[in-house]
Number of protein chains: 2
Amino acid sequence: MADDELFKALGDPTRRLILDELVEKSGQTLFEICSRLSMKHRLGISRQGVSQHLAVLEAAGLVESRREGRYKFHDLNTAPLRRITERWPAPGGSEAKENTP
Amino acid sequence: MADDELFKALGDPTRRLILDELVEKSGQTLFEICSRLSMKHRLGISRQGVSQHLAVLEAAGLVESRREGRYKFHDLNTAPLRRITERWPAPGGSEAKENTP
DNA sequence: ACCATAGGCAAGTCCACGCTTGCCTATCAA
DNA sequence: TTGATAGGCAAGCGTGGACTTGCCTATGGT
């Protein structure tokens, strides 16, 4: 299953916080995310730790990155999350697939 | 976070298969789920293993159980899954909350 | 040229978690 | 009561993964 990487990525609380931060502000660099986790969430984690988390999130397709000079900007991509609600649809069944008509 | 249990529950591939089986047929017993995993998915797992998985799914609110005599039936509850798409809404924002109008 | 910044790679540690094994309880049928 | 079925509890093993530490590359400023 390709879903393995998606659910594994969501399995860690620190990675979920990173997604939260990317919702608030798109296109952050690694250092920017580091300092945000440290400031707002009192998260004592090394830069490498965050870097590894971002790699997992990228493998899951939840984060996309673009390089510019010596900076690397990270953007959130929520599209893979749809696979979750599609796999186990609500019993009502009306909102299984809602696309813009 | 109470979300910890939800995402932890979804993190294991065997547990996701159990949810799949409960979508197909609601109200299965432990032994029924065991044999289904073994037959359809060639899953070599002990009864205790499945039992522990069901406990995790129940803690996450994804599975509800009811006892009747010596049987314990398990039902799927997809409601907690909504918290995922609500936490990281799609950028379009039109489908953040879709309720039956 | 130099140094600081932004990031990557690799090895090593440590703990949570998936799974098994063994034994125990409860309900139903003969 | 005896036996079979459905399930629970607890201890133990082994592996994956989160995190750190140390060193390396590349870009930009002065």
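Chain naming here is simple, since letters A, B, ... match the order of the sequence lines and numbering starts at 1 in each.
Regarding B/L54, its CG atom lies at a distance of 16 Å from the C1' atom of C/dC17, rounded to whole Å. We find that CD of B/E68 is positioned 14 Å from P of C/dT27, with the value rounded to whole Å. If you take CG of A/L43 and C1' of D/dT20, they are 15 Å apart, rounded to a whole angstrom. In this structure, CD of B/Q52 is placed 13 Å from C1' of D/dC13, rounded to the nearest angstrom. Straight-line distance from the CZ atom of A/R67 to the P atom of D/dT25: 15 Å, rounded to whole Å. Rounded to whole Å, the distance from NZ on A/K8 to P on C/dC17 is 15 Å. Between B/E5 atom CD and C/dC17 atom P there is a gap of 11 Å when expressed in whole angstrom units. Summarising the geometry, the separation between CZ on B/R47 and C1' on D/dT5 is reported as 10 Å, rounded to the nearest angstrom.
Of the possible donor and acceptor atoms, none in the side chain of A/E21 sits under 3.5 Å from a partner among the backbone N and O of A/R36.
Residues A/Q48 and B/E32 each lie close to DNA chain D; by heavy-atom proximity, the contact nearer the 5' end of the strand is made by B/E32. Toward the 5′ end of DNA chain D lies the nearest nucleotide of A/S46, the other residue of the pair A/R70 and A/S46 mapping further downstream.
With rounding to the nearest 0.5 Å, the separation of CD in A/E64 from NE2 in A/H74 is 12.0 Å.
Regarding contacts with the backbone of C/dG18, a side-chain N or O of B/R15 is found under 4.0 angstrom from either OP1 or OP2. When the side-chain nitrogen and oxygen atoms of B/K72 are compared with OP1 and OP2 of D/dG8, one or more of them lie within a distance under 4.0 Å. In terms of phosphate contacts, A/H53 brings no side-chain nitrogen or oxygen within less than 4.0 Å of OP1 or OP2 of D/dG17. An OP1 or OP2 oxygen of D/dG7 is reached within less than 4.0 angstrom by no side-chain nitrogen or oxygen of B/S51.
Counting any heavy atom pair closer than 4.0 Å across all strands shown, A/G69 reaches sugar-phosphate atoms only and no base atom. Counting non-hydrogen atoms under 4.0 angstrom, A/G44 reaches the backbone sugars and phosphates but no base.
Residues A/L10 and B/L10 fail the side-chain proximity criterion, which asks for heavy atoms closer than 4.5 Å. With contacts defined as side-chain heavy-atom distances shorter than 4.5 Å, the pair B/L19/B/T78 does not qualify.
Salt bridge status for A/D3 with B/R16: absent, with no side-chain N to carboxylate O gap under 4.0 Å.
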